[in-house]
Amino acid sequence: MKLATWNVNSVKARLPRLLDWLDRTDPDVLCVQETKVAADAFPAKEVAELGYETAHHGEGRWNGVALLSRAGLEDVRRGFAGDPGWAGEPTGEEGLFEQPHIEARAVSALCGGVRVWSVYVPNGRTPESAHYTYKLSWLGGLRTAVAQDLASAAPVVVCGDFNVAPTDADVFDPAAFVGSTHVTAPERAALAALREAGLDDIVPTPMKGPNPFTYWDYRAGMFHQDKGMRIDLVYASPALSGAVTSAYIDREARKGKGPSDHAPIVIDFDI
DNA sequence: ATGTCGCTACCCTAGCGA
């Protein structure tokens, strides 16, 4: 099975590149994040012409995750029990929600006997922010939901934009991130707790240079200087992590006119 | 690194989020 994950930063803006990439890369399953379109606005017809079924979980202008599969797409689950939702700022300016707002950040399905998740973890903004607290509790809820999947027979793989760099080697300069999200001990502990539920981090090989980065800010020529981060991750249960035959970051997809700010990860499993 | 994107609402540019 060839599995890939890609934060496309708007499926509408990226559609020509997405279709071209699917055609040339030929994955069996693609996990998509940041579709930024409403539930019924995913270009399912266009990807169907390339042979893919779609499961989209979208809400409009922000977030949105999808699974594209031609290896089967069964038992689709949008969201997960225990998602805390975004409850607003405690003091008000952005407005308190009467009920926590459950955002479209996770979708999972059985693809060829594998429980595949596509997730878009909250950014967190700053460590002082209510968004950061939300990020940590969201990751805690994800861990509980994934642990339940791991108790069943099917192998599990959780793919997506985690908005956390697991180690200092996963950012271009740790000193540049002091006081920022994505690198704090609690965020890394939340990732570790997810792994400890029974998943291995499949670290992909960069196509060029020593750094396994998957994201480079659009600004300041960050991509050309390889000042990036590894925040897109593939966490797989042992039956899958032991069956990896290749894993790489497709930095070619980050080049040229109109790229996403994230590169896809492509993994081959011999299963 | 704060140099760019993509979105929406409101009108074609500003404000937001990343």
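Residue numbers start from 1 in every chain, and the chains themselves are labelled A, B, ... in the order their sequence lines are given, proteins ahead of strands. Values below: all heavy atoms of this structure, side chains included; hydrogens, waters and symmetry mates excluded.
- Distance CG (Asn7(A)) to P (dC5(B)): 16 Å, rounded to an integer number of Å.
- Residue Asp217(A) is in base contact, counting any heavy-atom pair closer than 4.0 Å across all strands shown.
- Closest-nucleotide positions on DNA chain B for Gly124(A) and Asp173(A) were compared, and the one nearer the 5' end corresponds to Asp173(A).
- A donor-acceptor contact shorter than 3.5 Å is absent between the side chain of Lys36(A) and the backbone of Glu59(A).
- Residue His262(A) contributes atom NE2, which lies 13 Å from atom P of dG6(B) at whole-angstrom precision.
- In this structure, Trp216(A) atom CH2 and dG3(B) atom C1' are separated by 19 Å, rounded to whole Å.
- Annotation: dT2(B) and dT8(B) have their P atoms spaced 28 Å apart (nearest Å).
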Would you tabulate the pairs of protein nitrogen or oxygen atoms and nucleotide nitrogen or oxygen atoms of nucleotides 7-14 of chain B closer than 3.5 angstrom?
| from | atom 1 | to | atom 2 | distance (Å) |
| --- | --- | --- | --- | --- |
| dC7(B) | OP1 | Ser10(A) | OG | 2.5 |
| dC7(B) | O2 | Arg61(A) | NH2 | 3.2 |

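- What separates CZ of Arg219(A) from P of dG17(B) is a distance of 14 Å, to the nearest Å.
- In this structure, Glu34(A) places its CD atom 14 Å from C1' of dC16(B), rounding to the nearest Å.
- When the salt bridge (Lys or Arg N to Asp or Glu O under 4.0 Å) test is applied to Asp261(A), no partner is found at least two apart in sequence or on another chain.
- The salt bridge (Lys or Arg N to Asp or Glu O under 4.0 Å) test applied to Glu252(A) returns Lys255(A), not counting sequence neighbours.
- For Arg77(A), the salt bridge (Lys or Arg N to Asp or Glu O under 4.0 Å) partners at least two apart in sequence or on another chain are Asp75(A), Asp149(A).
- Residues forming a salt bridge (Lys or Arg N to Asp or Glu O under 4.0 Å) with Arg230(A) (at least two apart in sequence, or on another chain): Asp170(A), Asp201(A).
- Nucleotides dC7(B) and dC11(B) have their C1' atoms positioned 15 Å apart, rounded to a whole Å.
- The C1' atoms of dG3(B) and dA18(B) are separated by 15 Å, rounded to the nearest whole Å.
- In summary, the aromatic rings of Trp86(A) and Trp138(A) are positioned with their centroids too far apart to meet the 6.0 Å limit.
- The CE-P distance, from Met229(A) to dT2(B), rounds to 15 Å in whole Å.
- Listed by chain and number, the hydrophobic cluster partners of Val203(A) come to none, as no ILVMFWY side chain reaches under 4.5 Å of it.
- Asn123(A) has its CG atom 14 Å from the C1' atom of dT2(B), to the nearest Å.
- Residue Tyr215(A) is classed as having no contact, given no heavy-atom separation below 4.0 Å to the nucleic acid.
- For the P atom pair drawn from dA1(B) and dA14(B), the interatomic distance equals 28 Å after rounding to whole Å.
- Here the separation of dC12(B) from dC5(B), taken at their P atoms, is 23 Å to the nearest Å.
- For the pair Trp62(A) CH2 and dC16(B) P, the computed distance is 11 Å after rounding to whole Å.
- Aromatic rings from Phe177(A) and Phe172(A) are positioned such that their centres are separated by under 6.0 Å.
- Positionally, the nearest nucleotide of DNA chain B for Ala176(A) lies more toward the 5' end than for the other of Asp161(A) and Ala176(A).
- Distances shorter than 4.0 Å separate some side-chain N or O of Arg125(A) from OP1 or OP2 on dG17(B).
- In the set dT2(B), dG17(B), dA18(B), the nucleotide with an atom closest to the side chain of Ala220(A) is dT2(B).
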